[in-house]
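One structure is given here, and the rest of the page talks about it.
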Amino acid sequence: MMIDSPCVLLIGAFEKHSGKTTLSEKIVRKFADNGIYAVKITILRSDEEIEKYSITEDSEIRPDKDTGRLKLAGAVKVFWVRCAEFSAQKAIEEVLSMIPAGYPVLCESNMARKYMKPAVFVMVARDIRVSTKDTAAAVEKFADMITVSQVADGKLIYKPDVCDLLKWEDRKWKLADR
């Protein structure tokens, strides 16, 4: 059964090094005054039906780690979920239960879209595509928006700029004009 998550903004990416975490940092900074929480989900590859998973809160502000970057950007708490596909739904349900109701949640993951229906699902693509991850191909059809990252004047920019279009209203994420 799909997890309905109106407080969740899900950020996915077509390839590694696409600017997903940089975009997430930008969003966290913009919405930090709303008490935003961040979740990074890593799906571990395994053919076994593994029920175990781990959820850790990363309270360290380490700019060399994605979770640390999100904390540094202003997230109230940052959770890192590591699970196999077999345990993903249970792990996602548990981490969401650890976040107070009604607060904005930014979640980084492609595969989480197979188990949850977020308020908004944004996918990031590089302006010069190298290759598409299998996980991205599996969920691309669910994307509410695709933004393209590119370097301009030594700075990573996004077209369209998701931050200009995102709203946090009535305890849920919305895209402007949608």
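This structure is a prediction, so every number in the text was calculated from the model and none was measured.
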* Trp173/Phe31 aromatic ring centres below 6.0 Å -> yes
* Flag, side chain of Ser18 to backbone of Arg126, donor-acceptor distance under 3.5 Å -> no
* **Side-chain (Glu85) to main-chain (Ile43) donor-acceptor, under 3.5 angstrom** => no
* Asked: Among Met123, Glu140, Lys141, Met2, which residue meets the side chain to side chain contact (heavy atoms under 4.5 Å, CB included) test with Arg113?
  -> Met2
* To do: Take Asp127 and Lys159 through the salt bridge (charged side-chain N to carboxylate O under 4.0 Å, His left out) test and state the conclusion after the steps.
  => CA-CA 9 Å; Asp127 61 339; Lys159 292 185 181 181; over 6 Å; no
* Asked: Where do Asp66 and Lys40 land on the salt bridge (charged side-chain N to carboxylate O under 4.0 Å, His left out) test, with the steps shown first?
  -> CA-CA 8 Å; Asp66 290 355; Lys40 180 170 180 64; 3.3 Å; yes
* Within-4.5 Å side-chain heavy-atom neighbours: Pro100 and Tyr37 -> yes
* With a 4.5 Å limit on heavy-atom distance, are the side chains of Val139 and Lys114 in contact? -> yes
* Are side-chain heavy atoms of Tyr103 and Asn34 found at a separation under 4.5 Å? -> no
* Asked: Honestly curious: do Val95 and Met111 fall in one hydrophobic cluster under the side-chain, below-4.5 Å linking rule?
  -> yes
* Asked: Do you know which two heavy atoms are closest between Ala136 and Ala13, and how far apart they sit?
  -> CB-O, 3.4 Å
* Is a side-chain donor-acceptor pair under 3.5 Å present for Arg82 with Ser54? -> yes
* Asked: Do Lys117 and Ile3 come within less than 4.5 Å of each other through their side chains, counting heavy atoms only?
  -> no
* Structure fact -> On a heavy-atom basis, the closest approach of Glu25 and Leu70 is N-CD2, 3.9 Å
* Structure fact -> CG of Asn110 to CG of Leu10, rounded to nearest 0.5 Å, is 7.5 Å
* To do: Is it possible for you to say whether Val122 and Trp168 belong to one hydrophobic cluster, with membership spreading through side-chain heavy-atom contacts below 4.5 Å?
  => yes
* Residues Ile92, Val81; criterion side-chain contact (heavy atoms from CB on, under 4.5 Å); working and verdict -> CA-CA 8 Å; Ile92 292 167; Val81 178; 5.6 Å; no
* Asked: Can you check whether Ile157 reaches Ser149 side chain to side chain, under 4.5 Å on heavy atoms?
  -> no
* So, Ser5 side chain and Val8 main chain: donor-acceptor pair closer than 3.5 Å or not? -> no
* So, the side chain of Asp144 versus the backbone of Phe121: is there a donor-acceptor pair under 3.5 Å, distance only? -> yes
* Cluster link Met145 to Val28, ILVMFWY, side chain under 4.5 Å -> yes
* To do: Ignoring hydrogens and angles, state whether a donor on the side chain of Arg69 or Ser24 is under 3.5 Å from an acceptor on the partner side chain.
  => no
* **Polar side chain donor-acceptor pair, Glu94 to Tyr53, under 3.5 angstrom** => yes
* **Under 3.5 Å donor-acceptor, Thr147 side chain and Pro160 backbone** => yes
* Asked: Hey, any chance Val76 and Ile55 share a hydrophobic cluster, counting ILVMFWY side chains that come within less than 4.5 Å of each other, even indirectly?
  -> yes
* **pair Asp58-Lys71: side-chain heavy atoms closer than 4.5 Å** => no
* **same_hphob_cluster(Leu165, Leu23) at 4.5 Å side-chain heavy-atom cutoff** => yes
* Asked: Are Ile27 and Cys163 side-chain neighbours, meaning at least one heavy-atom pair lies under 4.5 Å?
  -> yes
* Nearest heavy-atom pair of Val39 and Ile41: which atoms, and what distance? -> CG1-CG1, 3.8 Å
* Charged N-O contact under 4.0 Å between Glu15 and Lys133 -> no
* Got a sec: does the NZ of Lys172 have more than 12 other heavy atoms crowding it under 6.0 Å? -> no
* Asked: Sub-3.5 Å donor-acceptor pair from the side chain of Tyr158 to the main-chain atoms of Gly19, do we have one?
  -> yes
